[in-house]
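In what follows, every chain begins at residue 1, and chains take the letters A, B, ... in the order their sequences are listed.
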Amino acid sequence: MAPSAPERSRYLDIYTRMTRIHRSDERFRRMLLGGQLAIAYYSPRGQELLSAALMAAVRQDDYLVTTYRGIHDQLAKGIPVRDLWAEFAGKATGTCKGKGGPMHITHPETGVMVTTGIVGSGLPIANGLAWASMLKGEDRVTVCCFGDGATNIGAFHEALNMASVWKLPVVFVCQNNRYAEKTKFADGTACATISDRAIGYGLEAIRIDGNDADAMYDAAARAVAKARAGDGPSLIEAMTFRFMGHSFGDPGEYIPKEEYAAFLAIDPVPAYRQKLLDLQIGEQELGAIDAQILAELEDAVTYALESPYAGEDEILKDVLDVEITPAISGETPFQIEEVA
Amino acid sequence: MAPSAPERSRYLDIYTRMTRIHRSDERFRRMLLGGQLAIAYYSPRGQELLSAALMAAVRQDDYLVTTYRGIHDQLAKGIPVRDLWAEFAGKATGTCKGKGGPMHITHPETGVMVTTGIVGSGLPIANGLAWASMLKGEDRVTVCCFGDGATNIGAFHEALNMASVWKLPVVFVCQNNRYAEKTKFADGTACATISDRAIGYGLEAIRIDGNDADAMYDAAARAVAKARAGDGPSLIEAMTFRFMGHSFGDPGEYIPKEEYAAFLAIDPVPAYRQKLLDLQIGEQELGAIDAQILAELEDAVTYALESPYAGEDEILKDVLDVEITPAISGETPFQIEEVA
Amino acid sequence: MSTGTTTEAPKMISTLQAVNQALDEAMANDERVIVFGEDVADPQGGGVFKTSKGLSTKYGDHRVRSTPIAEQAIVGAAVGAALAGMRPVAEIMLMNFITVAMDQLVNHAAKLRFMSGGQSSVPLTIRTIAGAGRGNGGQHSDMLEAWLAHVPGLKVVTASNPADAKGLLLSCIEDDNPCIFIEHIMGFQQKGVAPPPGHRVPLGKAAIAREGHDITVVSYGKAVNDVLAVAAALDPAISVEVIDLRTIAPFDEQAILESVGKTGRCLIVHEAIKAFGVGAEIAARVQEKLWGRLKAPVGRVGSKYAAVPFAPPLEKAFLYSQLEIQGAIQRLMAA
Amino acid sequence: MSTGTTTEAPKMISTLQAVNQALDEAMANDERVIVFGEDVADPQGGGVFKTSKGLSTKYGDHRVRSTPIAEQAIVGAAVGAALAGMRPVAEIMLMNFITVAMDQLVNHAAKLRFMSGGQSSVPLTIRTIAGAGRGNGGQHSDMLEAWLAHVPGLKVVTASNPADAKGLLLSCIEDDNPCIFIEHIMGFQQKGVAPPPGHRVPLGKAAIAREGHDITVVSYGKAVNDVLAVAAALDPAISVEVIDLRTIAPFDEQAILESVGKTGRCLIVHEAIKAFGVGAEIAARVQEKLWGRLKAPVGRVGSKYAAVPFAPPLEKAFLYSQLEIQGAIQRLMAA
Ligand SMILES: Cc1ncc(C[n+]2csc(CCOP(=O)(O)OP(=O)(O)O)c2C)c(N)n1
Ligand SMILES: Cc1ncc(C[n+]2csc(CCOP(=O)(O)OP(=O)(O)O)c2C)c(N)n1
Ligand SMILES: [Mg+2]
Ligand SMILES: [Mg+2]
């Protein structure tokens, strides 16, 4: 059955977001392999569709808090590819002038408020953002993404409890990719599913196949609508898989071959494309999106590589709201004489 | 029906522990009121029987980790009244030479390993003690007591998860007295019962009336036996009530009068005495225990008040395993000249 | 109302009232100000020390909230709310409890402005109560300001009297940087002249609490009062200039250097232990920047290298004393 | 085996191997030693930096355990196990993550001996990896040793070369006090002469890494190597004595005072930011205890007052440099 017009446009929207993530990630890894970039990189390969469908259910002015493995969330949320690439390359034209880097992307224009490198620390901050929206009478929702391993740290617990007691407009999304670094889910986590923890917070929870775009979109849309209506937080456990190990260079020997193969067979990226083809959305239309994204990406890569780094005086800026002087830092400026 | 001989002796054992706690607490408060002592004091009034029954199910060489509201646990575990009183009075003869004080009682001889003043922090330490027993091949169990409010802090979560993944021989006992300082259970805690949280840790949990000695004893005995057998941790939520506010001087205006009255009507201390009388354990026998405990207490009070304080040189001791010298502390010894 | 010539006794307030008034005024002035922490709302007594008493009744329980016992969630909520443009004022009941929330303060509050390339601003205030003297023992009495001072991006502030407490706390709340405001547990009942309405004390500026010409004693918080008492006792034999730092980090280097440049002698006094404390940084800078102009080494007085003991005589032995301050001044005068 | 007269090249090891060997020997020597942390067991790769590779295979997964991501639980387990007589060696993957576990370290590990009146002993070791230079950005690069040094009851230790890393880590594990052993992220591949079996480096004792008579430079960890490079470059124009602190707290005051007493000049160099850093304490003590015997003020070199930036040129600008060390030495020589 052919999709309705709104469905169709949503599918294409999700496809576009997914492809943008997919191509960016692919290109990053190629450049890392080729030595054109040298950064710690946490590939979202396998989690692209999850993020694309999730963010399709969210407004651009909704807040997002995510993690080091966040490029899929950031692109899906709408950060322009150029700005993100430039930040990954550390350039002055990046979202954060190169001062934050990939692990610390902030882009308030698209609602990306915090990217944290500290496991679990985003959740308490998401509460604060959501509380502020509530106090201001805005109907903004805060989406907070984190991994399965993050659910074992204290901040997760404190935040979910507070969000629930205070009925904050937050949607907590656990992207359960079954591994935390090299530790298998069950070796670090004492419950069968993360959703099992929700009852301990009086929270509505749903566990879905995050790689099923419809399931992901529906769950997100429901949770977002609930939060927007003032009915409090939800927890979504979105099951997924990461194909590229924890970080670039991790060969993933700890993943059983059969497990890997089984997930590869249902890789969401080609599957979603095929699904759209099956739904009579033509190769031509998808191809046009692909081409546009590749062009956008080429432009972004060039922009990132050719942009300058910020000047060293940036060290003195943005530490406080005033520039740092020697009287603040205790520095002793002195002349350096070269030695033969 | 009259109790069996072992039951009878257990009842008397529990009665003795309960009475020792009850009389000590009463006497403390009297001395605080009279100004003979001036310390921050967290009365266990209302929780005496819980602790007495719990510790009756535990061996003296089992470990205990408890909190600032710990005097009932410490006495029930077996710390001699003299030593405890002397520590509460800050004296050199106290369990910790007066260096720790009421909030930091340690008494390894009776298994009291840590008393913490930091909410929730005892749980991770309990895991370490239990893990050590496991590694040494001992069948020692670690009992860890904490309040309902403590279940909202991160350490609780991290510890329960780790204990469960590692199948550690710990019995976690939440003494749910329905208030955390002045905050009602439901105002800080998003779940209906603490036991609801256990599923999130794959933990066996039981919620009982902690003021029912049989229920408390049975739950503890089962959990202890399970841990001792190597079958892992349990969580006991023991419902109770505290009659004296959070700390000495707290009039407890935040407790609804009806709630207070309802609990007072079922005050476990007189109720347990009555129960034993009903079970044909004679007034005479109980009276002898009462008298013995009052004598023991008089002795302890005198001992505590008459003991000397430790000398000031204790400041330099027990910081490290060697005495602190000026070269370590950066002190500059100098002569103090009196000024007219 | 005064009818004319007679001078009225100045109105006095306690530090407790000063803190309470500062919170009240901040909330009245700016609806972005929100106050939260454990038991801070009126149904829970308005804070264990009553610093927020009356506020939830006056401003509503949406703006003044008691929280679960969850310091990471508390500081995290402050970070998030600040990022979204609010002016959160969170209470960490005792400074030792900040040890469970250092991540939010250090990795997030302090760094988000920098890491975002200036896009984010985190105008939060954390109020926390610290200090020994009440027999609260090892886990409830620490002064940890040196840790926070070592974190670029944080301001660390404390007051020695009620008027400053009010003026500094208001400045913290109005400041665009994350500020930690430390209240001494023994100082709440201290009385002082009530400041006029609208009173502010600027951050980053020290006060000359007493003028003198023989030696400069730099201190902050409650200890300033001990220093002033010693200075008065030594007068006129030794003329002690007392600098009240007010902002511990980043501190007012210029004020210190000017004073020590004049007196030629410097002693730093604080309650925290001496080793690796705030006094070390001040001493290190003074000896460097006033090289050749000092008449004595820079001295320090702090508490002993130990956990805070429980027993009263041991706690007293742990704490720095007026006698030690006096001895240190005399030693430096004799150098 | 050598057949006689020819001298063999000394066997070299990396710091990574040194740490691994120290853990291995400690486990072989004493079955109370247990090793745990995130991903430290072999099925998880033997640690993200491979420092514990091979150990779980060799000693069994009861003694070498990968943990959940839960630093409070990790340090707490170390505290509890140590109290019960084990010798836990826990890894906190990166030093910034210690911010979520400060309570266990500071309120418990450091204080339990004191608060128990000497009944408890907490012989734990926390290994943690720290430092900038790899583009890991603001939340993965901090050096926070000054916080820990400010806590009575803790020992803080770091090494500048593989042999010391092995000898110091073994000493930490065998020490009856809680020890924090800091490994620099950029130092794992550093090569050095392999120490003989049984090698120990005592805690609390500094090393003279280079003798000299014009100026003493005190440093620790990776920075010692930068100081040595500068010292070599300045030779023979300036004769630099280099002290490698090894134990940061409590540090070897005597070694510093003896050296500076001889040279009359002192510079402290560390990677942590300068303000309120370890250098401040050393400077404060040296200027006081060697009053009148210094030829120049005590100088300090540290990294900039900022979060650690991501972009390579900014990270470089953040970090202290050999050029700055050299400049500081020259300035002090000219004072
Ligand atoms: C507090 C803290 N501890 C440890 C780490 C190191 N670390 C980085 S990512 C990671 C694994 C997180 O796993 P998960 O939450 O499942 O997210 P994923 O990487 O799978 O997306 C760990 C342990 C950290 N960054 N912060
Ligand atoms: C980390 C931390 N935060 C706050 C406090 C202050 N505090 C002491 S007791 C307490 C309430 C604890 O309530 P609960 O766990 O229910 O135990 P109860 O006192 O009822 O026995 C609080 C908030 C603390 N000691 N530690
Ligand atoms: Mg994961
Ligand atoms: Mg309670």
Side-chain angles (χ1 to χ4, degrees), chain C residues 72 96-108 110-111 113-115 137-139 142 144 146-153 249-250 268 272-292 294 296-300 304-310 335, chain D residues 72 96-108 110-111 113-115 137-139 142 144 146-153 249-250 268 272-292 294 296-300 304-310 335:
Chain C
Q72 294 192 64
N96 280 85
F97 310 158
I98 224 168
T99 51
V100 297
M102 287 301 280
D103 163 57
Q104 286 294 342
L105 261 184
V106 171
N107 289 326
H108 296 91
K111 289 178 177 163
R113 177 186 295 275
F114 186 86
M115 296 195 309
Q139 292 180 341
D142 281 338
L144 301 171
W147 290 3
L148 302 166
H150 190 47
V151 180
I268 304 120
I273 66 152
K274 192 163 153 177
F276 302 92
V278 165
E281 178 64 25
I282 299 173
R285 289 207 207 172
V286 167
Q287 63 85 31
E288 184 178 22
K289 307 215 170 172
L290 295 178
W291 172 249
L294 292 177
V298 183
R300 293 181 291 157
K304 306 303 169 293
Y305 190 81
V308 183
F310 165 71
Chain D
Q72 294 191 65
N96 280 85
F97 311 158
I98 224 168
T99 51
V100 298
M102 288 301 280
D103 162 56
Q104 286 294 341
L105 262 184
V106 172
N107 290 326
H108 297 90
K111 290 178 176 162
R113 177 187 294 276
F114 186 86
M115 297 195 308
Q139 292 179 340
D142 282 338
L144 301 172
W147 291 2
L148 303 167
H150 190 47
V151 180
I268 304 121
I273 67 152
K274 191 164 154 178
F276 302 90
V278 165
E281 178 64 25
I282 300 174
R285 290 208 208 173
V286 167
Q287 63 85 31
E288 184 177 22
K289 306 214 170 170
L290 296 177
W291 171 249
L294 292 176
V298 182
R300 293 181 292 157
K304 306 303 170 293
Y305 190 81
V308 183
F310 166 71

- Message: Before you tell me yes or no, could you show the steps for C/I268 and C/V278 under side-chain contact (heavy atoms from CB on, under 4.5 Å), namely the whole-Å CA-CA distance, both residues' side-chain angles and the distance that decides it to 0.1 Å?
- Response: CA-CA 9 Å; C/I268 304 120; C/V278 165; 5.7 Å; no
- Task: Decide yes or no on side-chain contact (heavy atoms from CB on, under 4.5 Å) for D/M102 and D/N107, but give the supporting numbers first.
- Result: CA-CA 8 Å; D/M102 288 301 280; D/N107 290 326; over 6 Å; no
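Here the closest heavy-atom approach between residue D/F276 and residue C/A149 is recorded as CD1-O, 3.3 Å. Shown here for D/M115 and C/G138, the closest heavy-atom pair between the two residues is SD-CA, 3.9 Å. The shortest non-hydrogen separation linking D/A335 to D/A296 is CB-CB, 3.6 Å. Of all heavy-atom pairs spanning C/Q104 and C/H108, the tightest one is O-CB, 3.3 Å.
Neither the backbone nor the side chain of D/I98 comes within contact range of chain C; no heavy atoms are under 4.5 Å apart. Heavy atoms of D/F114 lying under 4.5 Å from chain C belong exclusively to its side chain. Residue D/V106 touches chain C through its side chain alone, counting heavy-atom pairs closer than 4.5 Å. No part of C/L290 comes within reach of chain D, as not one of its non-hydrogen atoms sits under 4.5 angstrom from that chain. Heavy atoms of C/R113 lying under 4.5 Å from chain D are absent altogether. Residue D/Q72 touches chain C through its side chain alone, counting heavy-atom pairs closer than 4.5 Å.
In this structure, the side chain to side chain contact (heavy atoms under 4.5 Å, CB included) partners of D/A272, at least two apart in sequence or on a different chain, are C/H150, D/M143, D/E145, D/H270.
For the atom pair CZ of D/R300 and CD of C/E288, the computed distance is 6.5 Å after rounding to the nearest 0.5 Å. Here D/T99 contributes atom OG1 and D/W147 contributes atom CH2; the two are 6.0 Å apart, rounded to the nearest 0.5 Å.
Your options are C/V286, C/V151, C/L294, C/I273, and the one with the most heavy-atom pairs under 4.5 Å with chain D is C/I273. Options D/A249, D/G153, D/G299, D/G277 differ in how many heavy-atom pairs under 4.5 Å they form with chain C, and the most are formed by D/G277. When each of C/K111, C/K304, C/Q287 is checked for heavy-atom pairs under 4.5 Å with chain D, C/Q287 comes out on top. Of all the listed residues (D/F310, D/Y305, D/W291), the one sharing the greatest number of non-hydrogen pairs under 4.5 Å with chain C is D/W291. Your options are D/A110, D/P309, D/P297, and the one with the most heavy-atom pairs under 4.5 Å with chain C is D/P297. Among C/D103, C/V100, C/L144, C/D142, the residue with the largest count of heavy-atom pairs under 4.5 Å with chain D is C/D103. Highest contact tally toward chain C, considering only D/A275, D/A283, D/G292, is held by D/A275 [criterion: heavy-atom pairs under 4.5 Å].
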